[in-house]
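First comes the structure, then the notes that go with it.
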2 protein chains.
Amino acid sequence: MDAVPHSTGPSSAGPKSAGPERTGPKHAGRTARERARAELTAEIKREARRQLSDQGAQGLSLRAVSRELGMASSALYRYFPSRDDLLTALIIDAYDALGARVEAADRAVADRGAHRARWRAVCGAVREWAAGQPHEYALLYGSPVPGYIAPEATIGPAARVPFALFGVVVDAWTAGALADPGDALLPELEMQAAIITGALNVIELPHGTVVRTGIAWTQLFGMVGFELFGHLAGTLDPADAFFAHTVEAMATLIGLPADPPDAPAPPA
Amino acid sequence: MDAVPHSTGPSSAGPKSAGPERTGPKHAGRTARERARAELTAEIKREARRQLSDQGAQGLSLRAVSRELGMASSALYRYFPSRDDLLTALIIDAYDALGARVEAADRAVADRGAHRARWRAVCGAVREWAAGQPHEYALLYGSPVPGYIAPEATIGPAARVPFALFGVVVDAWTAGALADPGDALLPELEMQAAIITGALNVIELPHGTVVRTGIAWTQLFGMVGFELFGHLAGTLDPADAFFAHTVEAMATLIGLPADPPDAPAPPA
DNA sequence: GTGAAAACAAGAGCACTGATCTCGAATTTG
DNA sequence: CAAATTCGAGATCAGTGCTCTTGTTTTCAC
């Protein structure tokens, strides 16, 4: 997600003081002060998320948040050193919310061997989440907001969706349901596919399949973003059919076989 | 810069009064005042675009623009009723710049029958333009900036890229170089494909091909956006190979045949 | 030409914003 | 209990988009 290793350094969420880390993450908020701090932090984020959902990142105002919470604006800086840090915290939360939703959608498919149904579920979950929280989606996948350097802490949560997508493909492959497309790859791409395969903790996965899944990944977010940001208006605008069709087309591109007949059929 | 004849219309730049339209669009700036107005408008946009390229839409400040131009900030409102209107003007210009670049890249392929080469050229032009003006790309395809309602005047310029993509496909089809993929489409999608086909002024085009081109269109922008916004970092980050490979894969998905041997070969 | 009408630039001002600093009050820690 | 730390509030600063008023300049019709 971000190329610079030290990213924000001391400027990410939370107070910069290394502070009372001695207890470790045993249970939340030992002292009353710590508990109050955690609660207030959560409350700030909740109110900020509310404003974000209302008017987008542009309309998120520290002063408005503090006003709504009945505190001075300056007090907010004890919890988030800057507006961007608050935004970063919201970004991480949003990545995690989306990731959790997607993973849940995958898990909800009872038949773990119905790979195409799982693929549908994962893709559909992305679209549904985006439709439900358009501003948060825009925060994650739209233009980077400030000058911005994506903090290190976001790359983990951000990877959950591609992990879910690749998880389905890996399962299909290890189940023997996938054929090697036998694509010829450029050397650079071959190496990158190898790195991805390694990150997936899987013995082997045809590199052509890896790349095709990458194509489907970028396609999915391109399509969802276009729908959400109005670029499909006038042509593919009610995008339900286009989306459903495309998800199948991408599954076919990867090579996911049709599900057994008792699996949930494609919508409509 | 702008292609639409009356350019801004009543709602964007310019005073709201219908004013001196009697002369018609014969030649730019008849009276001295009109000429000065046109020049200043262009100068404002130029300076605004400069600031945009520097710090993104977030960093575009009316006051800074006026300061740089040596005028009072209030005077700027005679030319653009609001900051969003200035942004809208920049958006339209950017769409046109991108569209012109893409169309030029297509035209630059001498052999009009080398459809795959033209496809490569068009896709590559999108990526190159995006890399060259990341902030303007973000303005067009990132999160909608204000509360925002895409003004009517943007849809024309915005359509130039998909038109260029479809143009290649239509040419390939009319040249008999394309096979009907014979995709089964949902009724809604079938209707939308018919609408698109109608908008293309082409007698017939297999609806499956239309939809596949739509898939490639969304994939292209998803991939370019992901690269530009850093979502490929750590995996497919130097995206040249991935991009080249994917462009070919999408051309294959549509059914564009390989070019004749004397045509420019795929890069690398 | 001349006088009315329209367009214009500038300045003051409003209601905001993010951010910093200082100063008492509360709380945790030794 | 005392010292150290954390905390909240107020004042303040520089900056923003935008509006309104005032006086000047240009244009247009007679």
Side-chain angles (χ1 to χ4, degrees), chain A residues 10-11 14-23 29-41 43-44 48 51-52 55-90 145-148, chain B residues 10 13-23 29-41 43-44 48 51-52 55-90 145-148:
Chain A
S11 84
K16 58 192 65 171
S17 67
E21 195 72 34
R22 47 165 180 69
T23 59
R30 245 187 43 77
T31 90
R33 187 164 248 170
E34 275 172 0
R35 182 140 34 146
R37 177 176 190 88
E39 264 180 36
L40 238 179
T41 305
E43 208 163 344
I44 290 170
Q51 290 192 19
L52 190 78
Q55 326 179 24
Q58 196 87 231
L60 176 67
S61 152
L62 283 190
R63 291 184 111 108
V65 169
S66 70
R67 209 177 303 131
E68 207 69 23
L69 264 55
M71 59 197 306
S73 68
S74 55
L76 243 165
Y77 285 80
R78 297 227 176 252
Y79 298 85
F80 296 93
S82 83
R83 198 192 94 117
D84 287 2
D85 288 271
L86 175 54
L87 264 180
T88 297
L90 295 181
V145 189
Y148 213 64
Chain B
K16 57 193 68 170
S17 68
E21 195 71 34
R22 47 163 183 68
T23 60
R30 243 187 47 76
T31 90
R33 185 163 251 171
E34 273 173 1
R35 184 140 32 148
R37 176 175 191 88
E39 264 181 36
L40 237 179
T41 304
E43 208 163 344
I44 290 170
Q51 290 194 16
L52 190 78
Q55 326 180 22
Q58 197 86 231
L60 175 65
S61 152
L62 282 190
R63 289 184 115 110
V65 169
S66 70
R67 208 178 303 131
E68 207 70 23
L69 263 56
M71 60 198 304
S73 68
S74 55
L76 243 165
Y77 284 81
R78 296 223 172 253
Y79 299 85
F80 296 93
S82 83
R83 198 192 94 117
D84 287 2
D85 287 87
L86 175 54
L87 264 180
T88 297
L90 295 180
V145 189
Y148 214 63

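Note that the structure is a prediction, hence the values are computed from the model and not measured. Protein chains get the first letters and strands the later ones, always in sequence-line order, with residue 1 at the start of each.
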Worksheet item: Does any N or O in the side chain of B:R78 come within less than 3.5 Å of the main-chain N or O of B:R37, such that one atom is a donor and the other an acceptor?
Response: no
Worksheet item: So do the side chains of B:L60 and B:L90 get within less than 4.5 Å of each other, counting heavy atoms only?
Response: yes
Worksheet item: Does the side chain of B:R78 get closer than 4.0 angstrom to OP1 or OP2 of C:dA9 through an N or O atom?
Response: no
Worksheet item: Quick one: A:L86 CG to C:dA19 C1', roughly how many Å, whole number?
Response: 14 Å
Item to complete: Take the protein atom CD of B:E34 and the nucleotide atom C1' of C:dA6, then report the distance between them rounded to whole Å.
Response: 13 Å
Worksheet item: Just checking, any donor-acceptor pair under 3.5 angstrom between side chains of B:T88 and B:D85?
Response: no
Worksheet item: Among the nucleotides C:dC8, D:dC7, C:dG11, which one has an atom lying closest to any side-chain atom of B:Y79?
Response: C:dC8
Worksheet, complete the sentence: With sequence neighbours left out, the residues meeting side-chain contact (heavy atoms from CB on, under 4.5 Å) with B:S74 are B:A72
Worksheet item: Roughly, in whole Å, what's the span from CD in A:E39 to C1' in D:dG8?
Response: 17 Å
Discussion item. So, using side-chain contact (heavy atoms from CB on, under 4.5 Å) as the criterion, who are the partners of A:A64 when residues are at least two apart?
Written reply: A:Q51, A:S61, A:R67
Worksheet item: Who pairs with B:E39 by side-chain contact (heavy atoms from CB on, under 4.5 Å), at least two apart in sequence or on another chain?
Response: B:R35
Worksheet item: How long is the line joining CG of A:L76 and C1' of C:dC21, in whole Å?
Response: 17 Å
Discussion item. Just the rounded figure in Å: distance from C1' of C:dA7 to CZ of B:R37.
Written reply: 8 Å
Worksheet item: Looking at C:dA19, D:dG8, D:dG10, which one has an atom nearest to any side-chain atom of A:L40?
Response: D:dG8
Practice prompt. Mark yes or no for a side-chain to base donor-acceptor pair under 3.5 Å between B:S74 and C:dA9, with no hydrogen or angle criteria applied.
Written response: no
Anything under 3.5 Å between a protein N or O and an N or O of nucleotides 14-16 of chain D, put it in a table, one pair a line.
from	atom 1	to	atom 2	distance (Å)
D:dT16	OP1	B:S61	OG	3.1
D:dT16	OP2	B:R67	NH2	2.5

Practice prompt. Counting heavy atoms from C-beta on, name the nucleotide in D:dC18, D:dC7, C:dA10 closest to the side chain of B:M71.
Written response: C:dA10
